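Keep in mind it's a predicted model, so treat the numbers as computed, not measured. The chains referred to below are lettered A, B, ... by the order of the sequence lines, with proteins before strands, and numbering in each begins at 1.
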2 protein chains.
Amino acid sequence: MAKQEFLSHSEENYLKVIFQLAGQERLKVSTNALADKLCAKPSSITDMLKKLSDKKLISYKKYQGCGLTVKGEVIAIQIIRKHRLWETFLVSKLSFGWEEVHDVAEQLEHIQSIKLIDKLDEFLDFPKFDPHGDPIPDRAGNITYRKSKIKLAEAAINAVVEVVSVDEDSPSLLKYLDEIGLRLGSRIKVFERIPFDSSLKIEIVGVQKMYISEKVADNIGVRFIEKL
Amino acid sequence: MAKQEFLSHSEENYLKVIFQLAGQERLKVSTNALADKLCAKPSSITDMLKKLSDKKLISYKKYQGCGLTVKGEVIAIQIIRKHRLWETFLVSKLSFGWEEVHDVAEQLEHIQSIKLIDKLDEFLDFPKFDPHGDPIPDRAGNITYRKSKIKLAEAAINAVVEVVSVDEDSPSLLKYLDEIGLRLGSRIKVFERIPFDSSLKIEIVGVQKMYISEKVADNIGVRFIEKL
DNA sequence: AAATATTTTTAGGCTCACCTAAATATTTTC
DNA sequence: GAAAATATTTAGGTGAGCCTAAAAATATTT
């Protein structure tokens, strides 16, 4: 058996963030993008990229950005699995609000015990999606992506959509969405896109009509629904 | 409000271990005792004791050992509260065995969120004792010590006692106790103390008669019971 | 109470994950 | 395609928490 050396909290975080920034298209991730997301200076990022590259967890060529190797992606997915299972636990068992779980889950995701996470999965009855609507990888690392999910910002005028995810982990966004009455499962009708700033005139069905900025709309995942 | 600076994982650990080694009599704790328990060299302990002393979390005079200040004790008790609540969670909700929860709880106890731990406490229905029989401090830091708890090693000949705690956190001890059929709530009759090595001839009621070493008996907390 | 043994501290180093400042690649603009 | 702007890397430094080796204080033995 290949010796499973333990990664530091920090190394795990890098892999997770690289996975997230690379997206499903597995784009190369730049040093600066990582620096932004991890709140560290680019020079610090370079240090770590070298280390992760030596450990064959990422592919990295100077000035060319980085991407996960298979080995690195397997680990990243396990971290994300842990993060999302813990978020689910916090919301469904401890009745946290969905907007307040991120920071705690960020700590819990680094607890090292495969048994713990499998037991937790079982305790939660093998949930497929977390409270933000993001898919929870199973223990083998398989991720069930929702079909036809797009960003609200990209929705066609007059479309009726259902909110299935919120991409950003900023508590202030989540709080805002809560305030305007927009949550997972909400239905939204799109009326108009204002050319000047690409803001959207929408109706949160059963709640209110209002305008939302492109930035917010860009962080809301939705899917089309047939009938209202 | 006094600014609540965050303590590192390591600092929290020191406070917890000092609390445990000091015991209810609040004895001074020696550098070597800490080095043993924390698996670090005595010189490293000295470094940290200076730092904790600067932060007014412990009282420390060179060559004289250390003890917790009120401020330090408050923190230590909160760590212990977290540890024992997590152990309880693992055993009663995730059906871990009581002998396998220690290491995981050791990590979980450092998660920083008062809300999390209070919610967990509520979720578990405010348990008073953890799976090892040790008392769980409440959110104010009050600890309900069990009355008349003694070590099995100190029990009188012919006494009949109930096992209420196991002090040592070594998995091998816990495994051994499991193997011989000794668990929390077991009743034990003490027949004889062998003068040569202070080992005990006992009966685990309903299971077997056997000999156990003084070292093992010293790590089992019991209380007298009236009738069998 | 002197000699020996043990405990604890000091002094100086190491690694990790970050930092700043300066140098070098790459990309964009004109 | 050269100049300017931006992105990235290198070089050298920091504090936390550990280490070893040696010195100093305390405890034990005789």
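- In this structure, D:dT29 and C:dA2 make a Watson-Crick or G-U wobble pair, each of the two defining distances being under 3.5 angstrom.
- Straight-line distance from the CD atom of A:Glu12 to the C1' atom of C:dC16: 15 Å, rounded to whole Å.
- Taking atom CG of residue A:Leu52 and atom P of nucleotide C:dC16, one finds them 12 Å apart after rounding to whole Å.
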Using a cutoff of under 3.5 Å, can you pull out all pairs of nitrogen or oxygen atoms linking the protein to nucleotides 3-6 of chain C, with atom names and distances?
none

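- Counting only N and O atoms by type, the side chains of A:Lys119 and A:Ser113 include no donor and acceptor under 3.5 Å apart.
- Regarding A:His9, its NE2 atom lies at a distance of 18 Å from the P atom of D:dA16, rounded to whole Å.
- To the nearest 0.5 Å, the span separating CG on B:Leu49 from CD1 on B:Ile18 amounts to 6.0 Å.
- Classification of the B:Phe123-A:Phe123 ring pair by plane angle, with boundaries at 30° and 60°, yields perpendicular.
- Across all strands shown, D:dC19 forms a Watson-Crick or G-U wobble pair with C:dG12, both key distances being under 3.5 Å.
- To the nearest angstrom, C1' of D:dA23 lies 18 Å from NZ of B:Lys41.
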Could you check A:Phe89 against A:Phe96 for ring-ring contact (aromatic ring centres under 6.0 Å, His included), going step by step and ending with a plain yes or no?
CA-CA 9 Å; A:Phe89 169 72; A:Phe96 273 73; 8.8 Å; no
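- The nearest whole Å value for the distance from the CG atom in B:Asp54 to the C1' atom in D:dG15 is 15 Å.
- For B:Tyr14 and B:Phe19, the ring centers are positioned 6.0 Å apart or more.
- Here B:Leu52 contributes atom CG and B:Glu12 contributes atom CD; the two are 11.0 Å apart, rounded to the nearest 0.5 Å.
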If a protein heavy atom is under 4.0 Å from the base, mark B; if only from the sugar-phosphate, S; if neither, -; do that for nucleotides 9-15 of chain C going 5' to 3'.
BB-----
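- From A:His83, atom NE2 reaches atom CD of A:Gln107 across 11.5 Å, with rounding to the nearest 0.5 Å.
- Using a 4.5 Å cut-off on side-chain heavy atoms (C-beta onward), A:Thr88 and A:Lys93 make no contact.
- Annotation: the span from A:Gln78 atom CD to A:Leu15 atom CG amounts to 12.0 Å, rounded to 0.5 Å.
- Taking atom CE on A:Met48 and atom C1' on C:dC19, their separation rounds to 14 Å, with Å as the unit.
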